[in-house]
Amino acid sequence: MSSFTLSDLERIVAERAASADAGSYTASLYAKGIGKASQKLGEEAVETVIAAVTGDAKGIVSESADLLYHLVVVLGISGIKLEDVLAELERRTAQTGLEEKAARGQG
């Protein structure tokens, strides 16, 4: 099992975003702003779904990595810490999924 964590990814993304490296994809995404980063996040979400629907296990892994990366970029540009998302997930797991959805008013 890998010892690499989403916190590691968040740290690396933040470091690369702050760099002046013209060859950094992360820095270029940050420079293009939330619109472009969100577009890329959406594209990766769709590609992950397509891989899942077609039963492409290798594709699911690859596209999921892209999806998580772009999510961390969007969170970073938005000034949201991964720990805030994890805290929300922790809060939600204190009740069943149906109870949690009902509490949010979603059916």
Side-chain angles (χ1 to χ4, degrees):
M1 180 172 226
S2 174
S3 63
F4 188 80
T5 68
L6 288 177
S7 294
D8 293 332
L9 178 60
E10 181 179 48
R11 177 186 46 75
I12 292 166
V13 165
E15 288 170 0
R16 291 182 181 170
S19 78
D21 182 0
S24 169
Y25 177 67
T26 301
S28 73
L29 266 181
Y30 266 72
K32 291 175 184 172
I34 192 66
K36 182 62 175 180
S38 296
Q39 176 189 349
K40 291 300 297 178
L41 176 62
E43 290 171 7
E44 299 305 343
V46 169
E47 290 170 5
T48 303
V49 169
I50 291 169
V53 169
T54 60
D56 178 4
K58 186 175 179 182
I60 294 169
V61 170
S62 177
E63 297 302 339
S64 293
D66 291 344
L67 180 60
L68 288 170
Y69 163 79
H70 285 91
L71 176 59
V72 169
V73 168
V74 166
L75 290 172
I77 292 172
S78 301
I80 297 169
K81 297 287 185 194
L82 184 58
E83 67 186 48
D84 296 334
V85 176
L86 295 175
E88 176 63 11
L89 286 170
E90 182 178 35
R91 184 193 66 76
R92 290 181 183 189
T93 59
Q95 51 191 198
T96 70
L98 295 176
E99 290 171 334
E100 190 278 327
K101 285 186 84 159
R104 287 190 286 149
Q106 298 177 2

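Along the sequence shown, the residues carry numbers beginning at 1.
To the nearest 0.5 angstrom, Ile12 atom CD1 is 9.5 Å from Thr26 atom OG1. Put simply, CG on Leu29 and NZ on Lys40 are 7.5 Å apart, with the number rounded to the nearest 0.5 Å. The NZ atom of Lys32 sits 9.5 Å away from atom CD of Gln39, with the distance rounded to the nearest 0.5 Å. For the atom pair OG1 of Thr48 and NE2 of His70, the computed distance is 10.5 Å after rounding to the nearest 0.5 Å.
Of all non-hydrogen atoms in Val13 and Tyr69, the two that sit nearest each other are CG2-CE1, 3.9 Å. The shortest non-hydrogen separation linking Val73 to Ala37 is CG1-CB, 4.0 Å. Residues Ile34 and Ser78 share a closest heavy-atom pair of CD1-OG, 3.5 Å. Leu82 approaches Glu10 most closely through the heavy-atom pair N-OE2, 2.7 Å. Residues Gly76 and Tyr30 come closest through the heavy atom pair CA-OH, 3.2 Å.
Hydrophobic cluster membership is shared by Ile77 and Leu67, with clusters built from Ile, Leu, Val, Met, Phe, Trp and Tyr side chains linked at under 4.5 angstrom. Connection of Val61 to Leu71 is not established within any shared hydrophobic cluster, with ILVMFWY side chains joined at heavy-atom distances below 4.5 Å, either directly or through further cluster members. Under a hydrophobic clustering in which Ile, Leu, Val, Met, Phe, Trp and Tyr are joined whenever their side-chain heavy atoms come within less than 4.5 Å, directly or via other members, Ile60 and Phe4 fall into different clusters.
Residues Val49 and Val46 have side chains not in contact (no heavy-atom distance under 4.5 Å, counting atoms from C-beta outward). Counting heavy atoms from C-beta on, the side chains of Asp84 and Glu88 never come closer than 4.5 Å. Using a 4.5 Å heavy-atom cutoff, the side chains of Leu86 and Leu89 are in contact.
A donor-acceptor contact shorter than 3.5 Å is absent between the side chain of Glu47 and the backbone of Glu63. For Ser38 (side chain) and Gly35 (main-chain N/O), no donor-acceptor pair under 3.5 Å exists by modelled atom type. With hydrogens and angles ignored, the 3.5 Å screen pairs no side-chain donor or acceptor of Ser62 with any backbone N or O of Lys58. Not one N or O on the side chain of Ser24 forms a donor-acceptor pair closer than 3.5 Å with the backbone of Asp21.
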Next on the checklist: What verdict does the side chain to side chain contact (heavy atoms under 4.5 Å, CB included) test give for Leu6 and Leu9, after you've listed the backbone C-alpha separation in whole Å, the side-chain angles of each residue and the deciding distance to 0.1 Å?
Outcome noted: CA-CA 5 Å; Leu6 288 177; Leu9 178 60; 4.3 Å; yes
